[in-house]
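In this chain, numbering begins with 1 at the start of the sequence shown. For the numbers below, each heavy atom of this structure counts, side chains included, while hydrogens, waters and symmetry mates do not. Every value quoted in this text rests on a predicted model; they were computed, and no experiment measured them.
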Amino acid sequence: MRTTTPTPPALDGLRVLDLATLFAGPLAATMLGDFGAEVIKIEHPRRPDPSRGHGPAKQGVGLWWKVLGRNKRTVTLDLSTSGGRATLLRLAAGADVVIENFRPGTLERWDLGWDELSAANPRLVLARVTAFGQFGPYARRPGFGTLAEAMSGFAAITGEPDAPPTLPPFGLADSVAGLATACAVLTALAARERTGTGQVVDMAIIEPILSVLGPQPTWYDQLGYVQERTGNRSANNAPRNTYRTADGAWVAVSTSAQSVAERVMRLVGRPELIAEPWFATGADRAAHADVLDEAVGSWIAVRDRAEVLAAFEKAEAAVAPVQDVRDVLADPQYQALDTVTTVPDPELGALRMQNVLFRLSATPGAIRWAGRPHGADTDAVLTEAGLGPDDIAALRAEGAL
């Protein structure tokens, strides 16, 4: 019988040191780990990563950490001690990537800046993730993703027109920055293949979220146009809103394409609106959103959600149920994609969590384990790095571990 050797994951052989906390930097490391990178999470011996204590816990174990810490080996190391510094440089010498999010100047104060790290390993990529970047008037300020959501213009355009600006109820800016950091690291590694040397990634959390907000700076530069809050409506098309069904549920409708807008009007029994001169463009339809919302909303309001969804699907019009997490877990499309998968865990048993971010046909990613206890792999990782039992004992006596 012919046997086949499993294809190694896409990032097999890549070693990442995750020094970061809350949340962009660690999320970037998680994504790299999902596709086969060996990620070593380094935490302070007496002050674990704060994500271990964020949000709900079960049996004293933080559930957010189980997701954010997946596919990572956990090591404790106090970088401010001489032993901690020497040990990090030793680990960095055998690593490909270091991800950190200390305030600018902190690593330098410990003699662990780019000069020292690149001297230990000229091929190293150092990803520095901070709120405001490594230079500029705000660089040394403390900051979190919430500030980026406010500064970028996101909050200013989110919410109802007559209501306050709205911040997201989750780490949006951090998540976008985490995606961007993973992309930046892979870009730097691709460059290393040509140049043979590493470089510094300077990721400011205030920037990626601005990039995904669309052409607002260009609109303002060229037209003086400032986007305002429109609630669930859009300035570019209509109908576009959430609508309540007869059974108290909600659905979302979008008509970004002209053909879809026309199908919706025929479906809800208002084909005469298609003949209106203003119906021909998305912007003009948006200017008549009250008329279109009334037409769509009144039709949906007298039908249960299941009937609405079935009718829209038959008409090839774009609709989706407004779902909470319970609906997401029961949704047949998410189930087919295994978007939320089950991971065995020695502490808590089977856990359900989001699967890897995308599917690769030849070198797929995988969740090999959920977040591990604080410092669980310290001795193993340091032994692999060449430290003996006496070395490790000395570091513990110093308080470096």
Thr21 backbone acceptor or donor facing Asn101 side chain under 3.5 Å: yes
Hey, are Lys41 and Asp18 close enough for a salt bridge, meaning a charged N less than 4.0 Å from a carboxylate O? yes
Write down the atom of Thr76, the atom of Pro45, and the distance for their closest heavy-atom approach. CB-CA, 3.9 Å
What distance do Leu124 atom CG and Leu17 atom CG have between them, rounded to the nearest 0.5 Å? 7.5 Å
Should we say atom CD of Glu313 is surrounded by more than 12 heavy atoms from elsewhere, each under 6.0 Å from it? no
Could you check whether Ser82 and Glu398, counting side-chain N and O atoms only, form a donor-acceptor pair closer than 3.5 Å? yes
Enumerate the residue pairs fulfilling ring-ring contact (aromatic ring centres under 6.0 Å, His included) with a member in residues 220-270, sequence neighbours excluded, ordered by first and then second residue. Trp219-Tyr225
Quick check: closest heavy atoms across Val75 and Asp377, and the distance to 0.1 Å? CG2-O, 3.9 Å
Begin from the C-alpha positions of Arg73 and Glu38 and carry the test salt bridge (Lys or Arg N to Asp or Glu O under 4.0 Å) through to its verdict. CA-CA 8 Å; Arg73 302 171 78 190; Glu38 178 192 3; 2.8 Å; yes
Leu22 versus Ser51: any side-chain heavy-atom pair under 4.5 Å? yes
For the pair Thr255 (side chain) and Pro239 (backbone), establish whether a donor and an acceptor sit closer than 3.5 Å, ignoring hydrogens and angles. yes
With a sphere of 6.0 Å drawn around CZ of Arg326, does it hold more than 12 non-hydrogen atoms of other residues, nucleotides or ligands? no
Any salt bridge (Lys or Arg N to Asp or Glu O under 4.0 Å) involving residues 276-292? Give me the pairs, sequence neighbours left out, ordered by first then second residue. Arg233-Asp290
The reported gap from CD1 in Ile206 to CG in Leu210 (rounded to nearest 0.5 angstrom) is 8.5 Å
For the student: nearest non-hydrogen atoms of Leu213 and Ser152, plus distance: CD1-O, 3.4 Å
Checking the side chain of Arg141 only, and the main-chain atoms of Phe132 only, is there a donor and an acceptor separated by less than 3.5 Å? no
Take a 6.0 Å sphere around CZ of Arg140 and say whether it holds more than 12 heavy atoms from other residues, nucleotides or ligands. no
Would you please test Arg128 and Asp202 for salt bridge (Lys or Arg N to Asp or Glu O under 4.0 Å) and show each step? CA-CA 5 Å; Arg128 315 195 76 168; Asp202 179 3; over 6 Å; no
Dump the intermediate steps for side-chain contact (heavy atoms from CB on, under 4.5 Å) on Val343 and Arg70, then the final yes or no. CA-CA 10 Å; Val343 180; Arg70 71 192 194 191; over 6 Å; no
Value for CD1 (Ile99) from CG (Leu19), rounded to nearest 0.5 Å, stands at 9.5 Å
Let me confirm one number: the CG-CG distance from Leu117 to Asp111, rounded to the nearest 0.5 Å. 10.5 Å
Looking only at heavy atoms, what is the nearest atom pair of Ala400 and Gly84, with distance? CB-N, 3.7 Å
May I ask you to decide if Ser118's main-chain N or O and Arg123's side chain share a donor-acceptor pair within less than 3.5 Å? no
Hey, does Lys72 have a side-chain heavy atom less than 4.5 Å from the side chain of Thr30? yes
Would Arg46 and Asp78 satisfy salt bridge (Lys or Arg N to Asp or Glu O under 4.0 Å), going step by step from the backbone distance to the final call? CA-CA 9 Å; Arg46 293 162 292 281; Asp78 185 346; 3.1 Å; yes
Considering only residues two or more places apart or on different chains, which pairs with a residue in residues 337-361 satisfy ring-ring contact (aromatic ring centres under 6.0 Å, His included)? Phe35-Phe358
Nearest 0.5 Å, what's the CG-CG distance between Leu27 and Leu32? 9.5 Å
Show the nearest heavy-atom pair for residues Asp96 and Gly13, with the distance to one decimal. OD2-O, 3.7 Å
I'd like to check Arg240 versus Val253 (side-chain heavy atoms, cut-off strictly below 4.5 Å). Are they in contact? no
Sidechain N-carboxylate O distance under 4.0 Å for Arg85, Glu116: no
State, to 0.1 Å, how close Ile157 and Gln216 come at their nearest heavy-atom pair, and which atoms those are. CD1-NE2, 3.5 Å
Is the side chain of Asn121 donor-acceptor paired with the backbone N or O of Ala92 at a distance under 3.5 Å, no angle test? yes
CD (Glu108) with more than 12 external heavy atoms under 6.0 Å: yes
Roughly how far apart are Leu107 CG and Leu126 CG, rounded to 0.5 Å? 7.0 Å
Main chain of Ala393, side chain of Asp390: is a donor-acceptor contact present, judged purely on distance under 3.5 Å? no
Quick test of your reading: applying ring-ring contact (aromatic ring centres under 6.0 Å, His included), list the pairs with at least one residue in residues 85-106, sequence neighbours left out, ordered by first then second residue. Phe102-Trp110
Treating Asp304 as the side-chain partner and Glu307 as the backbone partner, does any N or O pair qualify as donor plus acceptor under 3.5 Å? no
In plain terms, say whether Asp338 and Arg359 are close enough for a salt bridge, that is, a side-chain N and a carboxylate O under 4.0 Å apart. no
Considering only heavy atoms from C-beta outward, does the side chain of Asn355 approach that of Leu337 to under 4.5 Å? no
Test item: Leu395 and Leu382 side chains (from C-beta on) under 4.5 Å apart, heavy atoms: yes
Tell me the ring-ring contact (aromatic ring centres under 6.0 Å, His included) pairs involving residues 259-278, sequence neighbours left out? Trp278-His288
Could you please spell out the steps behind the side-chain contact (heavy atoms from CB on, under 4.5 Å) verdict for Phe144 and Phe23? CA-CA 9 Å; Phe144 300 98; Phe23 282 97; over 6 Å; no
Does the side chain of Val264 reach to within under 4.5 Å of the side chain of Val319, using non-hydrogen atoms? no
Trace of the side-chain contact (heavy atoms from CB on, under 4.5 Å) decision for Leu14 with Leu189: CA-CA 10 Å; Leu14 190 73; Leu189 290 170; 3.7 Å; yes
Non-hydrogen side-chain atoms of Arg103 and Thr130 separated by less than 4.5 Å: no
Using distance only, find each side-chain donor-acceptor pair of residues 53-62 under 3.5 Å and give its atom names and separation, not counting sequence neighbours.
from  : atom 1 : to    : atom 2 : distance (Å)
His54 : ND1    : Pro50 : O      : 3.2

Determine yes or no for a side-chain-to-main-chain donor-acceptor pair under 3.5 angstrom, with Glu149 supplying the side chain and Ala173 the backbone. yes
Tell me, yes or no, whether the heavy-atom count around Glu272 atom CD, taken from other residues, nucleotides or ligands under 6.0 Å, exceeds 12. yes
Quick one: does Asn71's side chain have a donor or acceptor within less than 3.5 Å of a partner on Arg368's backbone? yes
Asp379 vs Arg396, salt bridge (Lys or Arg N to Asp or Glu O under 4.0 Å): CA-CA, chis, key distance, verdict: CA-CA 11 Å; Asp379 285 18; Arg396 282 209 165 87; 2.8 Å; yes
Checking the side chain of Gln258 only, and the main-chain atoms of Phe279 only, is there a donor and an acceptor separated by less than 3.5 Å? yes
Step-by-step side-chain contact (heavy atoms from CB on, under 4.5 Å) determination, Leu112 to Leu88: CA-CA 8 Å; Leu112 286 170; Leu88 181 69; 3.7 Å; yes
Sub-4.5 Å side-chain heavy-atom contact between Thr341 and Arg352: no
